[in-house]
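Just so we're on the same page: letters track the sequence lines, and every chain starts at 1.
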2 protein chains.
Amino acid sequence: MAVSRTMGAGTAKGKRIAVVSRHAEADASLEVDQLSQYLGYSLKRAQLRIFDDFIHCVAPLQLTPAQFAVLLLLEKNPGRNQTEIARTLGILRPNFVAMLDELESRDLCLRVRSDNDRRSHILALTEKGAAILARAKKLIGTKHEARLRELLGDDNRALLLAMLEKIAREF
Amino acid sequence: MAVSRTMGAGTAKGKRIAVVSRHAEADASLEVDQLSQYLGYSLKRAQLRIFDDFIHCVAPLQLTPAQFAVLLLLEKNPGRNQTEIARTLGILRPNFVAMLDELESRDLCLRVRSDNDRRSHILALTEKGAAILARAKKLIGTKHEARLRELLGDDNRALLLAMLEKIAREF
DNA sequence: TATTGTTATACTCTATAACTATA
DNA sequence: TATAGTTATAGAGTATAACAATA
């Protein structure tokens, strides 16, 4: 015996297991309610769903969420080097290299050796990069984020965003 | 001209870069406001932060969020097999094998060949698994989730959870 | 024939050490 | 000596095909 079905504490004797007594509910979906009460769990599930939809919406442009973030950051922060952009996005510098290689090979951004400090590469959007970014923003705004606003409502979406930012910054 | 500061397309000649003209703001933090307005981005940042804190809180028990989820699911759903548990958590069956090997090697759960269908392994918490799970719940409840409630407020936390679940289920 | 658990495998992400060229 | 970009590498996480045992 050692273990019963629910595996209990001490008394592992007569404990029958649920399998047998699961009659009406049959093989229905499992009990997940308690798990869903953990913010980490629900956060992760929602994040995966959101990223999935994001990728689907931007599929014609072949941009990952991370690549989109890089392009957007370059647009808003011209003249920054790799270390600054990577750090801001929480990407480690070594891992940022291949990512930039990919974006640069697609002519979406480029590295320019700085005159001030010849060690660092200043990053810049190319015209094509700016164009792709503009198209991505439009796709995401009209499809992805639009559906999200529809689902949650405008006020709730703003509240959700505010709480997520608060967690990221203050927790 | 083509592009000014954001770098342009072809003409790579006299293009000066912004570095020089960043005076007062110096090397302050970058502009991330627009990026933070994308739910996917803020969701991901918050999720990473939450997982980080979760892992830190249950460090004495050496449980990952995924392992905790498995144990909790086993407790609430006795008599289920690997496929059912894995599917519910969005884990692919092949990847679930090593995870169970680890949990079983630590005597936190065990596989029991089913009498009904000798192909399937019924999963069960061991006594030690139940004990570890109980301690994990307490740690998470009194540290992790408690601080979260403190940060957001009880009502807001409930609202946040409701929206995340809605996204996971209906988006 | 279909399904359960499994192996093998590959691809992405993430993480660390160490090299080079500059400072 | 310290820093920026890079290489190499290792570890998670995730994905698919295919096999043995069983249905």
Which residues in residues 34-45 of chain A have a heavy atom closer than 4.0 Å to any atom of DNA chain D? none
Could you pull out the closest heavy-atom pair between A:Leu139 and A:Cys57, with the gap in Å? CD1-O, 3.5 Å
Atom-to-atom span, CG of A:Leu92 to P of D:dA4 - whole angstrom: 14 Å
For A:Arg93, check salt bridge (Lys or Arg N to Asp or Glu O under 4.0 Å) against everything at least two apart and list the hits. none
B:Arg113: which residues meet the salt bridge (Lys or Arg N to Asp or Glu O under 4.0 Å) condition with it, sequence neighbours left out? none
Salt bridge (Lys or Arg N to Asp or Glu O under 4.0 Å) with A:Glu102: which residues, sequence neighbours excluded? A:Arg106
What residues from residues 59-72 of chain A pass a heavy-atom cutoff of under 4.0 Å to DNA chain C? none
Quick one: ring pair (Phe, Tyr, Trp, His ring centres under 6.0 Å) pairs with a partner in residues 136-160 of chain B, sequence neighbours left out? A:Phe171-B:His144, B:Phe54-B:His144
Send over the distance from A:Leu48 CG to D:dT14 P, rounded to a whole Å. 7 Å
Check ion pair A:Asp154-A:Arg149 (N to O, under 4.0 angstrom): yes
Below 4.0 Å from chain A heavy atoms, what is the first contacting nucleotide of DNA chain C and what is the last? C:dT14 to C:dA23
Using the 3.5 Å cut-off, write out each protein N or O paired with an N or O of nucleotides 5-8 of chain D and the distance between them.
from	atom 1	to	atom 2	distance (Å)
D:dG5	OP1	A:Gln82	N	3.0
D:dG5	OP1	A:His121	N	2.9
D:dG5	OP1	A:His121	O	3.2
D:dG5	OP2	A:Thr83	N	2.7
D:dG5	OP2	A:Thr83	OG1	2.4
D:dG5	O3'	A:His121	ND1	3.3
D:dT6	OP1	A:Arg111	NH1	3.2
D:dT6	OP2	A:Gln82	OE1	3.1
D:dT6	OP2	A:Gln82	NE2	2.8
D:dT6	OP2	A:Arg111	NH1	2.8

Could you walk me through whether B:Leu123 and B:Arg111 pass the side-chain contact (heavy atoms from CB on, under 4.5 Å) test, one step at a time? CA-CA 5 Å; B:Leu123 299 179; B:Arg111 304 182 235 227; 3.7 Å; yes
If you count heavy atoms of other groups shown closer than 6.0 angstrom to NZ of A:Lys137, is the number above 12? yes
ILVMFWY network linking A:Ile132 to A:Ile55, side-chain heavy atoms under 4.5 angstrom: no
Please report, rounded to the nearest Å, how far the P atom of D:dG13 is from the CD atom of A:Gln47. 14 Å
Determine whether B:Leu100 and B:Cys109 satisfy the following criterion, side-chain contact (heavy atoms from CB on, under 4.5 Å), listing intermediate values before the conclusion. CA-CA 8 Å; B:Leu100 280 181; B:Cys109 77; 3.9 Å; yes
Select from A:Gly90 and A:Asp117 the residue whose nearest nucleotide in DNA chain C is closer to the 5' end of that strand. A:Gly90
Salt bridge (charged side-chain N to carboxylate O under 4.0 Å, His left out) partners of residues 161-171 of chain B, not counting sequence neighbours, each pair once: none
Considering all heavy atoms of both residues, which atom of B:Gly40 and which atom of A:Phe51 are nearest to each other, and what is their separation? O-CE1, 3.4 Å
Looking only at heavy atoms, the pair that brings A:Ser36 and B:Leu161 closest together is O-CD1, 3.6 Å
Polar pairs (N or O, both sides) under 3.5 Å between protein and nucleotides 10-12 of chain D?
none

Partners of A:Asp155 by salt bridge (Lys or Arg N to Asp or Glu O under 4.0 Å), sequence neighbours excluded? none
Hey, could you give me each pair passing salt bridge (charged side-chain N to carboxylate O under 4.0 Å, His left out) that has a residue in residues 44-61 of chain A? Not counting sequence neighbours. A:Asp53-A:Arg147
